[in-house]
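Protein chains get the first letters and strands the later ones, always in sequence-line order, with residue 1 at the start of each.
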Protein chains: 2
Amino acid sequence: MNDSAPLDLARLRRSCSQCSLQQLCLPAGITAHELDRLDEIVRRRRTIERGERLFRIGDPLAAVYVARDGAFKTVTISEDGEEQVVGFHLPGELIGLDALGEGAHRCEAIALGNANVCDVPFDQLTVIAAQLPSLQQQLLRVIGHSLNRDHDHMEMLVRRQANERIALFLHGLGERFRQIGQSPVAFKLPMSREDIARYLGLALETVSRGFTRLQEDNVIAVHGRRVEILDPEELVRLAHGVDADEAPARARRSR
Amino acid sequence: MNDSAPLDLARLRRSCSQCSLQQLCLPAGITAHELDRLDEIVRRRRTIERGERLFRIGDPLAAVYVARDGAFKTVTISEDGEEQVVGFHLPGELIGLDALGEGAHRCEAIALGNANVCDVPFDQLTVIAAQLPSLQQQLLRVIGHSLNRDHDHMEMLVRRQANERIALFLHGLGERFRQIGQSPVAFKLPMSREDIARYLGLALETVSRGFTRLQEDNVIAVHGRRVEILDPEELVRLAHGVDADEAPARARRSR
DNA sequence: CGAGATCTTGAACTAGATCAAACAACGTGG
DNA sequence: CCACGTTGTTTGATCTAGTTCAAGATCTCG
């Protein structure tokens, strides 16, 4: 390790604390020295243009990635050339774990807007993780969170009603914004309606209609990609299958 | 720790080589000594009755599990009490990773038939993994495979047509049977039609109809839970969105 | 400011859910 | 061994939510 002046370390900590480390390191009570070691291997602040790919299907697992800023989608391509959106990745969420199994990526990671990312070379990460138990724990936890997001995604897809999926999607997205320190009730969607549709297994028209419906019911306000959640509780209720239709002061019929 | 006679080690190896280790250890070129260490912590051959649960929602992460024989489903319960089937687990496939993120299980794991499982206490596993690089690698790979299965599942759910989902499901299940050394074209479904329906986000009647349709087209033969795949290539084709219907009697040409 | 991309809205059509009922497989106990 | 309920599966008929096709509105950005 190099001469770690306190100044230098402070800079590292700041940069990493807002970035991946928000989840990857800090909460585990990692020491300054440990953070230093991790930071040595991270290649920081690469700029990625909108639409550019972080990796493609079949690429060998070289690194895992974290957007410091800017969101990504991961997609698979079906035989007929259609994109399936497998996941969205907000800043601070790990990208690239899809290659863990076979050592090669099964998805493409596409920037939804201009972004800059940190690369964490995977082989070096595992070496360090083996030496630092707290980092190993934390790595597993982060992988677990990624798994949880996949499960959340599946729960959306299994929901029968399109409006439930959409409500669940908006609510979940809000919660993820909350976790990265942004407002959970007012945000700009990083992805298009079409991306959302391919993520939810719906037609894009259905997504659009779902949005306007929620707006009519005063649950959200939409202006293009700007979304404001006006009635979070109602949104959650809708997400969990409570049939909407009566928004006014009507009683609830159980039918 | 105990007197490890060569005889004993041989037994361990045999037991583990057919069990979890099929994926968890052997392929990584683990040495006899390493295998021995892993084996020390594994609690083996617990018997689980049909319908019994390995863990429940909210249970703290105590161990990961591998069925030595017998299949499991993992489910979540939606507010209205309905089961959502999150995954199926054939013998040799790891169960319990859903707790990695928060340290508590998000699913219930229910035995689809009588089974016996090995428990791998999680904290001990991570300790040993940190000491044995090849085991750490292998652990990550196994987690990756679990992730891949989730993605396969999502790809099924996103498919628009019910018949595509069903074809994809049967094909994927066959491949998983192949991986555990069983026939990929003739097997007994460990789960009910209802479980399949809840896994695919369909009504159980739709699953049933899908099966009979495939049978009418001579792609598969079904007798209750016994399935035989008669025309694997056609099954794959159907799974990937090639509209079926033509070829009512025989004669598949072209393409 | 304009042209392409993105989003909304309308109308018609259809795949699949839902309701309902018959049927098969499987113990279990008489 | 058979009647019996129980549970799982198939099949039929209807009805609705969401897809599809089409057109118009709005946004974005060179």
Side-chain angles (χ1 to χ4, degrees), chain A residues 49-51 73 80 82-83 85 110 112-114 156-167 169-170 188-217 220-227 238 241 243-245 255, chain B residues 49-51 73 80 82-85 110 112-114 156-167 169-170 188-217 220-227 238 241 243-245:
Chain A
E49 303 274 309
R50 171 173 208 266
K73 64 176 174 183
D80 55 351
E82 296 288 301
E83 273 189 11
V85 177
I110 305 177
L112 292 168
N114 295 340
M156 282 180 233
L157 289 170
V158 165
R159 298 272 163 188
R160 302 294 170 65
Q161 307 292 336
N163 291 331
E164 286 179 48
R165 297 190 205 182
I166 294 168
F169 172 73
L170 286 174
K188 181 160 174 295
L189 296 172
M191 72 294 280
S192 69
R193 298 286 189 274
E194 181 162 23
D195 286 335
I196 298 174
R198 294 189 187 289
Y199 180 75
L200 294 179
L202 299 171
L204 78 91
E205 294 95 329
T206 307
V207 174
S208 184
R209 281 185 244 269
F211 277 30
T212 47
R213 179 66 197 284
L214 286 171
Q215 184 156 26
E216 286 167 1
D217 292 353
I220 63 173
V222 206
H223 303 92
R225 292 197 178 181
R226 282 232 66 93
V227 171
L238 293 173
D243 254 339
D245 54 19
R255 166 206 300 240
Chain B
E49 303 274 308
R50 168 173 211 266
K73 64 176 174 182
D80 55 349
E82 296 288 301
E83 274 188 10
Q84 311 282 2
V85 177
I110 305 177
L112 292 167
N114 296 340
M156 281 180 233
L157 288 170
V158 164
R159 297 275 163 184
R160 302 294 170 67
Q161 306 292 336
N163 291 331
E164 285 178 49
R165 298 190 203 181
I166 293 168
F169 171 73
L170 285 174
K188 182 162 174 295
L189 296 171
M191 72 294 279
S192 70
R193 299 287 190 274
E194 181 163 25
D195 287 333
I196 298 174
R198 294 189 188 291
Y199 180 76
L200 294 180
L202 300 170
L204 78 90
E205 294 94 328
T206 307
V207 173
S208 184
R209 281 185 243 269
F211 276 31
T212 48
R213 180 65 198 284
L214 285 171
Q215 183 157 28
E216 285 167 3
D217 293 353
I220 63 173
V222 206
H223 303 93
R225 293 197 176 179
R226 283 233 64 93
V227 171
L238 293 173
D243 257 337
D245 57 14

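For the pair B:I166 CD1 and C:dG16 C1', the interatomic distance rounds to 11 Å; values are reported in whole Å.
A search for side-chain hydrogen bond (donor to acceptor under 3.5 Å, both in side chains) contacts involving B:S192 returns B:D195, not counting sequence neighbours. In this view, B:R198 and B:E82, B:E194 satisfy the salt bridge (charged side-chain N to carboxylate O under 4.0 Å, His left out) rule, not counting sequence neighbours. Scored by the salt bridge (charged side-chain N to carboxylate O under 4.0 Å, His left out) test, A:R165 finds no partners at all (sequence neighbours excluded). Every salt bridge (charged side-chain N to carboxylate O under 4.0 Å, His left out) that B:E83 has, sequence neighbours left out, goes to B:K73. Under the ring pair (Phe, Tyr, Trp, His ring centres under 6.0 Å) criterion, B:F169 pairs with B:Y199, sequence neighbours left out. Under the side chain to side chain contact (heavy atoms under 4.5 Å, CB included) criterion, A:V207 pairs with A:R193, A:I196, A:A197, A:L202, A:F211, sequence neighbours left out.
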> Quick one: what's the B/S/- string for nucleotides 16-30 of chain D, heavy-atom cutoff under 4.0 Å, read 5' to 3'?
Replying inline: -SSBBBB--------

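Listed by residue number, A:S192, A:R193 are the residues of residues 189-196 of chain A with a heavy-atom contact under 4.0 Å to DNA chain C.
Axis deviation across the helix from C:dT8-D:dA23 to C:dG30-D:dC1 amounts to 40°, comparing end segments of five pairs, rounded to 10 degrees.
Nearest heavy-atom pair, A:G210 versus A:I166, reported as atom, atom and distance to 0.1 Å: CA-CD1, 3.8 Å.
Using a 4.0 Å heavy-atom distance criterion, B:S208 is classed as a base contact.
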